[in-house]
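Values below: every heavy atom of this structure, side chains too, minus hydrogens, waters and symmetry copies. Here the structure is a predicted model, which means the values were calculated and not measured.
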Amino acid sequence: MRYPFSEVEKKWQSYWEENKIYKTNLSKKENKLYCLVMFIYPSGAKLHCGHWYNYGPTDSWARYKKLKGFNVFEPIGYDAFGLPAENYAIKTGIHPYDSTMKNIEDIRVQLKNMGNMYDWDSELMTCVPEYYKWNQWLFIQLYKKGLAYRKNAPVNWCPSCQTVLANEQVLADGSCERCGTTVIHKNLTQWFFKITDYAEELLSGLDKINWPEKTKLMQRNWIGKSTGTEVKFKIEGHEEDITVFTTRPDTLFGVTYVVLAPEQPLVEKLTKPEYKEQVHAYLDSVKSLSEIDRTSTTKEKTGVPTGSYAINPVNGEKIPIWVADYVLATYGTGCVMAVPGHDERDFEFASKFNLPIRKVILAPGTKEEDPLNEAYTEVGKMINSGSFSGIQSDKGIDALSDFLEQEGKGKRKTNYRLRDWLISRQRYWGTPIPVIHCEKCGEVLVEEKDLPVELPYNVEFSTSGKSPLTTNKEFMNVTCPKCGGEAQRDPDTMDTFVDSSWYYFRYLDPHEHDRMFNKKLSDSWTPVDMYVGGAEHATMHLLYSRFIHKFLRDLGMAHSDEPFSNLIHQGTITNQGAKMSKSKGNVVNPDVFISKYGSDVFRLYLMFMGPYEAGGDWSDTGITGVDRFVQRSYDIFLRFENSVINNPAPDKFDVRSLSEEEKSVYRKINQTISKYDEEINNFRFNTAVASLMELINELSKNLEACRPALQSYVLERFACLLAPVAPHLGEECWHMIGKKGSVFEHANWYAVDPEALTVDRVTVAVQVNGKLRATIEVPAENDQESVKALAFSADAVKKHIDGKTVVKEIYVKNKIYNIVVK
RNA sequence: GCCGAAGUGGCGAAAUUGGUAGACGCGCUGGACUCAAAAUCCAGUCUGGUUCACCCCAGGUGCCGGUUCGAGUCCGGCCUUCGGUACCA
C-alpha cells in the first residue's frame, strides 16, 4: 500500500495544532533550549527552497532535542520592513503594508504545511507599531547615552531619478539600474549608532561563543583592530597640522610625501590657488567610484598634488601633499604618510608620479646600494634613519613611538576598521526616527510617552530627492515638545537591521505592552542556545545584534554578554549557480514537491542532499531515493505492526542468546542510534539519514527472521529515529505500533546497549610501502606479533616483499599493518 | 582588490585526531516478477590494462611542488567557483 502522505500529514498537523503540542511552557526554565532560525524576510510572495533548507533541518534538530528531553522553544516571525516592498510599490502602486501583509498570509500557510513545531503564540512581525515602537524606544536610550548622533555621510545619488539608491541598485559600471545615469556620491546629514564604542568588547567577546571559526575570523577582520601611532606633520604656512595614523613609525625617515583622501576637509584648505582647477577636476572624477574600485590594487593609481608642503617631524624635510583616492576618509584620519620604499601601494604611486623612493629598512642579505625594485615590507635593519639607524625595525616601532610621544609630535593609538552604524534611510517602509527638528531647540527627542511615532499610510513614493514621509504634511508638521513652536519630524526611517538586532527577546512575549520585552522570561531563556541562518550575515546582522545585546545589558535589561551561544550557518541553495532571489527570477518553489511527495520527503531530501553547511546547486534528481526510503519504512511498519502490538519489548537482549540474523539486526539498530545521535547533534543530517537507510536495508533483509519481542524492540526505536527527520511519518509509525498521543509529548529516546556494539573480529589492511596489498581478519584483542605473522603470510604481501629488505614496520592497532621494504 | 569559504565517480556525496578513497542515494546496465507496463526485488557499476571469468597490475580526490612508512586530510605556490565588502537582508 502506498504511504498516504497527504492524509497523514494533514491529520498530524491538525492534531498538533488542536492539542497545542508545541506550545512551550516558558515559565519552566529547567532544560530550556532556545532554538532560533533567522526570521523570514517576506519580500517574495512565497517561501523558496532556500527557506526550507534553513527551517526544515533546523526543526529536525529541535525535534531531536525535544525527544531527548529538552524544553524546546522554537519561534518564527517576519522581518517585514525593507527596500524590496517599497520598490514593488513604486513599480505597481501596491502599498508596502498591503503587499507585505498579503505575503505574510501566504507564507504562514506554507509554514503550516511544512509541519514545523513552531510555537505560533509567539509569532511576531516587525512592521506593526507594537513592535517598531521599541526600535524607537531603543533609539531614545542610545541617544541619551550619547550612542546615537548625526553627521555627514555620502549616499549614492542618481542625478536623473533625483533619488538615493541602495548599493544593490547601482550596477557594476557605476550606473543607475533604473535609468543608466552615472551615480554620484552626495553628502547628507544622517543618523549613526556608535557601535565603535563597543569595538573592543565585540572583538574579545568572540572568544566566549561557540560560533564557526570562519565567522569569528570575518568579524575580527571586519572590526580590524590595529595598534599604531598618530603622527603630526606640520604644514608649511599653515597653523593646522596633518595627523596621520601609521602602524610603521619605524619607516618615518622614508616618508617622501603625504596623501589626503579626496573627502578629507583639509583638501580644500591646503590646495594652492594655481592647483584648484586640477584638484577640483580630480575630486569630480572620483565621485562616482566605489570604495572597491578605489582600493583595488590592480587599478592604476591616480592622484594630484595640492601645491602645499608638510614637514617630516623626524628630519624636518619638506615633502609634497597629494590627494589620491587610494586613501579612504573613513579609516584612520583620512591622511597617510607615504613610504614608497616599504609600502606596496605607495611604491606604485611614487613610481607613477616620479616621487622619491627612499630605502630605510634593509632586507637581510642585501646591501644598502642595491636598487629597490619593489617595496620591502618585512622586518630589517633600519638605515638612513638618523640616530635610529642600526636597530631592527620591529624594535624601531617602539623606539620611534617613544621619541614622538616625548617630543609631543605623536601619540600611540589603537584604530579599528569598524565604522559607526549608519541607520538613516531616505525611505518609507521602515521605523520612523523619533526625533523632531525645531528651528529654536534643534534636534529634540520624542517623549517616551508619545511613542510609537506611527508610520502614516498615505505618502507619495516617487518624489524628487526627499524621503517619502515628507509628502505627508500631517505627519511631518508637529509642535516642538520643548518650546511648543512649529517643528518638523525627522523624515527618515531606520535601517531594518535595527529591527533584527533584538527580535529574539521579543519572541518570548511579543504582545508585551509596557516594555520592550519581559525581563523575567528573557533572563531565563536568553542567550539563544542555537541560532541557525546564512553566512551572508556574518559581519552585519550578527555584529549589530551583538552590539545591541551588549547595550541592553549595560542598561540592565539583559543578563548575558552575548545573544547567541551557538551558531550554525546552513549553506546556500543556489539555482544555476546563483543565489535564489526574486530579483534574479531563479527561485524554486517547493510547493510542487510538497504536493507530489509530501513535506517529510522534501525535508528529508534537503537533509540528505549534502553537508548542511555546504548547501549546493538545486537539482531534484535523487528525491525519489528518499521517497523510496519513506515507503520502505512505512512498509516495514505495515508488515510487523501486529506482532509488535502483541509483544512488548524488553530493555535489552542477551547477545549470546540471539541467532545470527537477530544479532545482526540487534547490532544494527544499536549502531544506528549511536551514529544518528552523534550526527544529528552536530547538524550532519546527510549522514544521519544515510544511517537510517542502512538500517532499513538491514531490516528488509533480516527483521522477518527475528523473534517478535526483538521486532518490537527495533520498531519502537526506529519510529523514534524517524520522528525528528520525518515528523508526520514518525507519528504515524509510532501509532501503528500501538503507542498513544504524540511521540513529541514526552522525552522518547532509547539508550544504546554497549554489548551490541562490541565486535570480536576486525579487518586489518596490510600495506607494503603504503600500498594496500591484502586485508586480514584478526581478533579484536591482539598484539603486533600475532598480526605480523598473518600479515607476512598473505600471498599478495609475499609477492611484493620477496627479494627485498624489510626496513620498517608500522602497526596501527586494528587498522593498518604497513611493511616498508627497499 | 580585500576578507572568508569550497573543489572527490556520469550525478548528489562519504571518509570526525594523517591510516583500506567512493558509505548512502540518484542514474545507468543486466536479471526476476508481469500478457505488458508501472511499482517492487536481486546483481553489477572510479578509470585504464590483462583475462572466458575470478584474480592480478597500474593510475586516481582542481593544478604544480613539498613533508611523511603512509596525504582527500598537513605545508608552500597557483587556477576556478561561491559568500561578504558597511543602503538587498
Side chain of [X] only, heavy atoms from C-beta on: which candidate in [options] is closest?
{"X": "A:E536", "options": "B:rA89, B:rC69, B:rG12", "result": "B:rA89"}
{"X": "A:I292", "options": "B:rG1, B:rC88, B:rU20", "result": "B:rG1"}
{"X": "A:M218", "options": "B:rC88, B:rG83, B:rG1", "result": "B:rG83"}
{"X": "A:T621", "options": "B:rC57, B:rC26, B:rC69", "result": "B:rC26"}
{"X": "A:Q767", "options": "B:rC26, B:rC87, B:rU20", "result": "B:rU20"}
{"X": "A:L418", "options": "B:rA58, B:rA14, B:rA86", "result": "B:rA86"}
{"X": "A:K815", "options": "B:rG19, B:rA86, B:rA14", "result": "B:rG19"}
{"X": "A:R628", "options": "B:rU20, B:rU40, B:rC88", "result": "B:rU40"}
{"X": "A:E694", "options": "B:rA21, B:rG4, B:rC24", "result": "B:rC24"}

According to a strict under-4.0 Å criterion, is [X] in side-chain N/O contact with OP1 or OP2 of [N]?
{"X": "A:N697", "N": "B:rA23", "answer": "no"}
{"X": "A:H541", "N": "B:rG84", "answer": "no"}
{"X": "A:N167", "N": "B:rA86", "answer": "yes"}
{"X": "A:N686", "N": "B:rA14", "answer": "yes"}

Provide the distance between the two [atom1] atoms, one in [N] and one in [M], to the nearest whole Å.
{"N": "B:rA39", "M": "B:rU29", "atom1": "P", "answer": "14 Å"}
{"N": "B:rG9", "M": "B:rG62", "atom1": "C1'", "answer": "15 Å"}
{"N": "B:rC78", "M": "B:rA23", "atom1": "C1'", "answer": "33 Å"}
{"N": "B:rA15", "M": "B:rA89", "atom1": "P", "answer": "37 Å"}
{"N": "B:rC69", "M": "B:rA13", "atom1": "C1'", "answer": "31 Å"}
{"N": "B:rU47", "M": "B:rU8", "atom1": "C1'", "answer": "14 Å"}
{"N": "B:rG25", "M": "B:rA14", "atom1": "C1'", "answer": "11 Å"}
{"N": "B:rG22", "M": "B:rG60", "atom1": "C1'", "answer": "11 Å"}

Is the closest side-chain donor-acceptor distance between [X] and [Y] under 3.5 Å?
{"X": "A:Y811", "Y": "A:N782", "value": "yes"}
{"X": "A:D420", "Y": "A:T196", "value": "yes"}
{"X": "A:Y326", "Y": "A:D346", "value": "yes"}
{"X": "A:T624", "Y": "A:D627", "value": "no"}

**Message:** Quick check for you: to the nearest 0.5 Å, what is the distance between A:F497 atom CZ and A:R425 atom CZ?
**Reply:** 8.5 Å
Rounded to whole Å, how long is the line connecting atom [atom1] of [X] with atom [atom2] of [N]?
{"X": "A:K701", "N": "B:rC24", "atom1": "NZ", "atom2": "P", "value": "10 Å"}
{"X": "A:E679", "N": "B:rU16", "atom1": "CD", "atom2": "C1'", "value": "8 Å"}
{"X": "A:D620", "N": "B:rG25", "atom1": "CG", "atom2": "C1'", "value": "14 Å"}
{"X": "A:Y676", "N": "B:rA14", "atom1": "OH", "atom2": "P", "value": "18 Å"}
{"X": "A:Q169", "N": "B:rC88", "atom1": "CD", "atom2": "C1'", "value": "9 Å"}
{"X": "A:K214", "N": "B:rA5", "atom1": "NZ", "atom2": "P", "value": "7 Å"}
{"X": "A:M607", "N": "B:rG12", "atom1": "CE", "atom2": "P", "value": "21 Å"}
{"X": "A:H569", "N": "B:rA89", "atom1": "NE2", "atom2": "P", "value": "19 Å"}

Does any nucleotide pair with [N] by Watson-Crick or G-U wobble geometry, both distances under 3.5 Å, and what is it?
{"N": "B:rG18", "result": "none"}
{"N": "B:rG72", "result": "none"}
{"N": "B:rU40", "result": "B:rA32"}
{"N": "B:rU8", "result": "none"}
{"N": "B:rA58", "result": "B:rU47"}
{"N": "B:rG1", "result": "B:rU85"}

**Prompt:** Checking A:R773 side chain against A:V766 main chain: does a donor-acceptor pair fall under 3.5 Å?
**Reply:** no
Contact class for [X] vs. all strands (heavy atom < 4.0 Å): base, sugar-phosphate, or nothing?
{"X": "A:K299", "value": "nothing"}
{"X": "A:W421", "value": "nothing"}
{"X": "A:N682", "value": "nothing"}
{"X": "A:R220", "value": "nothing"}

**Message:** Check whether A:W52 forms a cation-pi arrangement with A:R603 (NZ or CZ under 6.0 Å from the six-membered ring centre, at most 45° off the ring normal).
**Reply:** no
**Prompt:** Is it the case that A:K151 places NZ or CZ above or below the six-membered ring of A:F192, under 6.0 angstrom from the centre and within 45 degrees of the axis?
**Reply:** yes
**Message:** Between A:R425 and A:T775, which residue's closest nucleotide on RNA chain B lies nearer the 5′ terminus?
**Reply:** A:T775
